[in-house]
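This report refers to the structure that appears directly beneath it.
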Amino acid sequence: MKYPLIEIDTGKIQKNSENIVKMCKNHNIEIMGVTKGFCAWPPVVKAMLKGGVQKLGDSRLKNIINMRKAGINVPIYLIRIPMLSEVEDIIKFSDGSLNSELTVIRALSDKARQFNKTHKVILMVDVGDLREGFLPEDVLEITGEVLKLPNIELEGLGTNVGCYGGILPSYENTKILVDLAKEIEKKYNISVKTLSGGTTVTLTLLENGKIAPGINQFRIGEAILLGTDIKNLRPVPGTTQDTMKLKTQVIELKVKPSLPIGEIGRDAFGNVPRFQDKGYIKRAIVALGEQDCVSSGITPIDSSIEILGASSDHMILDVTDCKRKIKVGSIIEFNMSYGGMLNLMTSKYINKYEI
Ligand SMILES: *Cc1c(COP(=O)(O)O)cnc(C)c1O
């Protein structure tokens, strides 16, 4: 084993995927599996698909291209609104994209025509979180413009909450999409196929029966990958959380004071550090640092171990109360948050293993 490493239990991820797919299917909601959290690493993508996910979404075109190279041929959508500079690759490698700028949709149309393909477009609607999307009052008119464009299929509407403004999903904000779809269908005499109404945070609305009827797609990453819902600070019912573990090795172990000695200036990141005096403590340094993962993104599985801090390459742990005998070479295990997973999977210094 080469440390530091992340160990991923793809069987558990498949099970989470199955359970989320089943739960949503009971409400006529399909799942787009979101792969950006693990850089679309093929073994995990395959676990999601085995669990019944039939469509994928990623925010990074590089991940989408890698999935195609790995032979994954289900529909894949770009879920970050596109850059004008990536339009050609979007047409080549993805089936559709989430969009909020007419200029970009026009560019997609031009390229799609050039390559003789049809590109599916989901118009994002901003229902209040103030990240991406058209304002609801503009959607009807924009739809008219999109419908004029050749080689573009207007597949539906989508929305996102909880990401920037921290707005929680509600009956009212999901109903905005449903109402807009009805207006579009009436005015333009078309059918709006997909209403992509939310992400992991929106699963709560299903559980308490508050989702607006008509929403028929969720884009889900976190609940399948980690079984958590960071925005509601809870485990997601019907999922397991112990899907991934970070493991790294102790490279120094010494009893030292808890207070640094000398005049305090700034740390490696320009912050003025503060310390609590606990006398002499047993300090372990592990091979891991902020370059691999923000230290707030991981938690030692052994709750008697505390993270004291980290610089780029060294993480310092207080192991004074640890029952297990720690020595140089011992392996320390951590759980991770969604943010931690994102960092660790992106770091080329972390080895990835499927179990
Ligand atoms: C990341 C992302 C998702 C997935 O969100 P989870 O909270 O991981 O379920 C869905 N949609 C968009 C647009 C995203 O950027």
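Note that ligands are numbered from 1 as they come in the structure, with each ligand's atoms numbered from 1 the same way. Positions are given from 1, in the same order as the sequence printed here. The shown structure was predicted, so the numbers you read here are calculated from the model rather than taken from an experiment.
A salt bridge does not link Glu155 with Lys193: every distance from a Lys NZ or Arg NE/NH1/NH2 to an Asp or Glu carboxylate oxygen is 4.0 Å or more. A salt bridge links Glu145 with Lys148; the closest basic N to acidic carboxylate O contact falls under 4.0 Å. Note on Lys278 versus Glu306: salt bridge recorded, some NZ/NE/NH1/NH2 to OD/OE distance being below 4.0 Å.
Proximity to Ile220 (heavy-atom distance under 4.0 Å) selects the following atoms of ligand 1: 9 (O). Close contacts between ligand 1 and Arg131 involve ligand atoms 13 (C), 15 (O) [criterion: under 4.0 Å to a heavy atom]. Residue contact check: Asn160 has heavy atoms under 4.0 Å from atoms 11 (N), 12 (C), 13 (C) of ligand 1.
By the 4.5 Å heavy-atom criterion applied to side chains, Leu168 and Val161 are not counted as neighbours. Using a 4.5 Å heavy-atom threshold, the side chains of Ile281 and Val319 count as separate. No side-chain heavy atom of Met32 sits less than 4.5 Å from a side-chain heavy atom of Ser196. Between Val250 and Lys327 there is no side-chain heavy-atom pair separated by less than 4.5 Å.
The protein heavy-atom contact nearest to atom 5 (O) of ligand 1 is Thr199 CB, 3.6 Å. What sits closest to atom 15 (O) of ligand 1 on the protein, heavy atoms only, is Lys36 NZ, 2.7 Å. Scanning all protein heavy atoms for the shortest distance to atom 8 (O) of ligand 1 gives Glu222 N, 2.8 Å. The closest protein non-hydrogen atom to atom 9 (O) of ligand 1 is Thr200 OG1, 2.6 Å. Residue, atom and distance of the protein heavy atom nearest to atom 11 (N) of ligand 1 are Arg219 NE, 2.9 Å.
Grouped by direct or indirect side-chain proximity (heavy atoms under 4.5 Å, Ile/Leu/Val/Met/Phe/Trp/Tyr only), Tyr353 sits with Met1, Tyr3, Leu5, Ile331.
At a heavy-atom cutoff of 4.0 Å, ligand 1 is contacted by no atom of Met32, backbone or side chain. Neither the backbone nor the side chain of Arg80 comes within 4.0 Å of ligand 1, counting heavy atoms alone. The part of Val34 lying near ligand 1 is the side chain, judged by heavy-atom distances below 4.0 Å.
In terms of N/O distances under 3.5 Å, ligand 1 is approached by Gly221. Between Glu132 and ligand 1, a contact under 3.5 Å exists for no N or O pair.
Of the options Ile79, Thr202, Ile81, the smallest heavy-atom separation from atom 13 (C) of ligand 1 is shown by Ile79.
Counting only N and O atoms by type, the side chains of Thr35 and Asp58 include a donor and acceptor under 3.5 Å apart.
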